[in-house]
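Letters A, B, ... mirror the listed sequences (proteins, then strands); counts begin at 1. Any value given below was found using the heavy atoms of this structure, including those in side chains, with hydrogens, waters and symmetry copies removed.
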Amino acid sequence: MMRHLKRLYIGIVFFFLYAPILILMIFSFNKSRYMSKWDGFSLKWYADLFSDRDIMSALYYTLLIAVLSTIIATVIGLITAIGIHDMNKLGKGIMVNISYLPILNPDIVTGISLMMLFVFMKLELGFLTLLLAHITFNVPYVIFSILPKLRQMNKHLYEAALDLGATPFYAFRKVILPEIMPGVVTGMILAFTLSIDDFVISYFTTGAGVSNLSIIIYSMARVGIKPTINALSTLLFISVLLLLLIVNKRTSNNNGKEKVI
Amino acid sequence: MSYETINLIDVSKTFDDTLVLDNINLYIRRNEFLTLLGPSGCGKTTTLRIIGGFEEPTTGKVLFEGKDITHVPPYKRKVNTVFQRYALFPHMNVEENIAFGLNIKKISKNIIEEKVKNMLGLVNLRGFEKRTVDSLSGGQQQRVAIARALVNEPEVLLLDEPLGALDLKLRKGMQIELKNIQQKLGITFVYVTHDQEEALTMSDTIVVMNEGHIQQIGSPIDIYNEPKNAFVADFIGESNIVNGIMIEDYVVDFGGYIFRCLDSGFGEKEKVDVVVRPEDIKLVPPEQGMLKGRVLSVIFKGVHYEMMIESNGIIWKVHSTLMEPVDTIVGINIFPDDIHIMKKVMVS
């Protein structure tokens, strides 16, 4: 009896978690343009998607912004994390809290304040400001993915490398970076996902002609939901899922290797 | 080339206003096995880190073969370190760990392979080339750490409590092995430990440190037999330390009896510390003893018994192969050779 209840409970949890996505995916293959009835299988919304110039341009900007902001935020976050790690206790406490604030700050506040800053600096809202905004909100996530790895690391590893004749940069490249790489990768994926995901901050910091997917979906939805949105969302969902699966496999492989041999 | 490899001249170090090293002067001879010995927090590890280049002294100089290396970074020093808990690179296998230093020097692949192989032979780890660091036992990791440092053929090898994490039996074995390696390669070893027995077993020279000061420098035999002050006496081996008064040269009053001793040059009626090793106290029938005492407790220690004996309000620790039961009245004799007189140290 208890076992069945447990299974039922798990079932309900998964149903609520995945049913919306499942429905969205199913209806992306619906021939009808209405959600209320199923007219049979079709790929025409996917075809529509790739012929829609607005959507393709939004996809292009979304990916470009995601890739660039991820790379830049990772570099900045990595350097910052190492800097914070080397500070004394007081400095570390202050820096950690300052870096944490943007994560807790509501998106809408971050978005509006960034917009005001850009306007104040007389930067024209557009691609550059959107990129800067994404880098800004990504950096703390990278920092907090890397810091725990630095803390776990034997603090004498760096000194051991120097002791064996490595210059500080060589020691960083050959010893520290491989040690904290899992944290760096986690931070990168987090940053990439957040960048693709973001609507609120992007909405306030971009300008005419530069929209990402979430902005396009929002403006389309205001007019009325077309199944192309379903198709687009399905593709996004699957790409993110694949990315996560790859990362999972990678980390479990690594763990396995350490244990088996 | 000078006879001294490393010289520390007036080295002091403060961390956040705490004085960790206070005016250390020390020279390390070529090819000697020198041990920095002291309780935790005495500054021995800081001294080692200053020699390794991981800390800069607040004041003072470090000389290497006569040249000032005070501000030379670790990667430019001909010194290698075996770290506490080894600090092996976890993402590299045994071979890659050992070859790390050689790869930096851009030596040809064949020579590196050859040297790594020789090193593995030296530390008894043949066949472990491809093993991951995690799969090794503590003792094996220790050997890799030693090989990784030695393969660079340093002039001086620094070892920071390298055996601290090993169990007693393994530690004894490694002590002998380390000493053999040192003698075989003829490298100067600077060894940090808080284990006095380890220091006595392995060293040519022991530097006893406490609270940032050098207490005594000498050979193990000197330090054991002629401790310079009560701290050294207490730290090196077990000791009875009691208050005494010098009556005149070669005569000292302590424990309720006036003893003859070998020390002179103290002031008349000067208060002194008297140190007597537990194994130097001879138990005799009560009527033959200089002091009379009552046995308070007896513990069997394997080779000998440890007895606490009370006499005139002083409790003496005595090691003897013969057991006297509790409450027995015994006689205590201490001969002039075994009485060590020390000036009182003003303890702050």
Side-chain angles (χ1 to χ4, degrees), chain A residues 78 81-82 85-94 145-188 247 250-261, chain B residues 15-16 45 48-49 51-55 72-94 96-107 128 130-136 141 144-145 147-154 156-161:
Chain A
L78 180 61
I82 290 170
H85 182 70
D86 270 351
M87 284 178 155
N88 62 26
K89 216 173 165 189
L90 181 73
K92 202 184 274 183
I94 293 170
S145 305
I146 295 174
L147 268 184
K149 283 285 155 204
L150 283 169
R151 234 174 278 133
Q152 279 167 25
M153 194 178 70
N154 180 334
K155 63 175 193 274
H156 292 310
L157 285 185
Y158 175 66
E159 287 179 351
L162 294 187
D163 186 72
L164 295 167
T167 58
F169 183 68
Y170 187 90
F172 169 74
R173 211 158 47 88
K174 291 282 181 173
V175 174
I176 300 200
L177 201 56
E179 274 304 293
I180 61 175
M181 208 53 200
V184 176
V185 172
T186 310
M188 282 180 83
V247 171
R250 245 179 51 112
T251 43
S252 68
N253 273 356
N254 277 345
N255 291 339
K257 200 166 97 193
E258 275 156 22
K259 271 171 206 147
V260 171
I261 299 170
Chain B
F15 286 118
D16 300 333
T45 297
L48 195 78
R49 289 172 60 79
I51 299 173
F54 306 114
E55 307 281 356
V72 173
Y75 50 93
K76 288 185 183 158
R77 296 191 182 196
K78 289 183 204 157
V79 169
N80 285 114
T81 309
V82 176
F83 288 86
Q84 211 170 2
R85 305 223 144 252
Y86 327 135
L88 298 177
F89 305 129
H91 58 283
M92 299 180 193
N93 64 24
V94 170
E96 291 162 344
N97 260 285
I98 298 175
F100 188 88
L102 299 177
N103 280 327
I104 292 168
K105 290 183 194 134
K106 309 232 184 303
I107 301 169
F128 282 73
K130 303 293 175 200
R131 291 278 289 271
T132 61
V133 169
D134 289 357
S135 70
L136 301 181
Q141 291 190 18
V144 176
R148 183 179 69 175
L150 283 177
V151 79
N152 302 292
E153 292 158 16
V156 178
L157 186 70
L158 309 177
L159 303 103
D160 186 6
E161 306 221 11

Is it the side chain or the backbone of [X] that comes within 4.5 Å of chain A heavy atoms, both, or neither?
X: L88(B); answer: backbone
X: N152(B); answer: side chain
X: F89(B); answer: both

Worksheet entry | Pairwise salt bridge (Lys or Arg N to Asp or Glu O under 4.0 Å) hits with a residue in residues 156-183 of chain A, at least two apart | E159(A)-R49(B)
Item to complete: Flag the one option from G52(B), P73(B), P90(B), P74(B) with the top tally of heavy-atom pairs under 4.5 Å to chain A.
Response: P90(B)
Worksheet, complete the sentence: Within residues 146-156 of chain A, contacts to chain B at heavy-atom distances under 4.5 Å involve N154(A), H156(A)
Worksheet item: By a 4.5 Å heavy-atom criterion (distance strictly below it), what part of A171(A) contacts chain B: side chain, backbone, both, or neither?
Response: neither
Worksheet item: Can you tell me how far the CG atom of D16(B) sits from the NZ atom of K89(A), to the nearest 0.5 Å?
Response: 12.0 Å
Worksheet item: Rounded to the nearest 0.5 Å, how far does NZ of K92(A) lie from NE2 of H85(A)?
Response: 5.5 Å
Discussion item. Give me each pair satisfying ring-ring contact (aromatic ring centres under 6.0 Å, His included) with a member in residues 159-186 of chain A, each pair once, sequence neighbours excluded.
Written reply: Y170(A)-F100(B)
Worksheet item: Do you know the tightest heavy-atom contact between R131(B) and N93(B)?
Response: O-CB, 3.2 Å
Practice prompt. List the atom of A149(B), the atom of V82(B), and the distance in Å for their closest heavy-atom pair.
Written response: CB-CG2, 4.1 Å
Discussion item. Taking salt bridge (Lys or Arg N to Asp or Glu O under 4.0 Å) as the definition, give me every residue that meets it alongside E96(B), ordered by chain and number, with sequence neighbours left out.
Written reply: none
Discussion item. Can you confirm whether more than 12 heavy atoms, excluding those of K76(B), are under 6.0 Å from its NZ atom?
Written reply: no
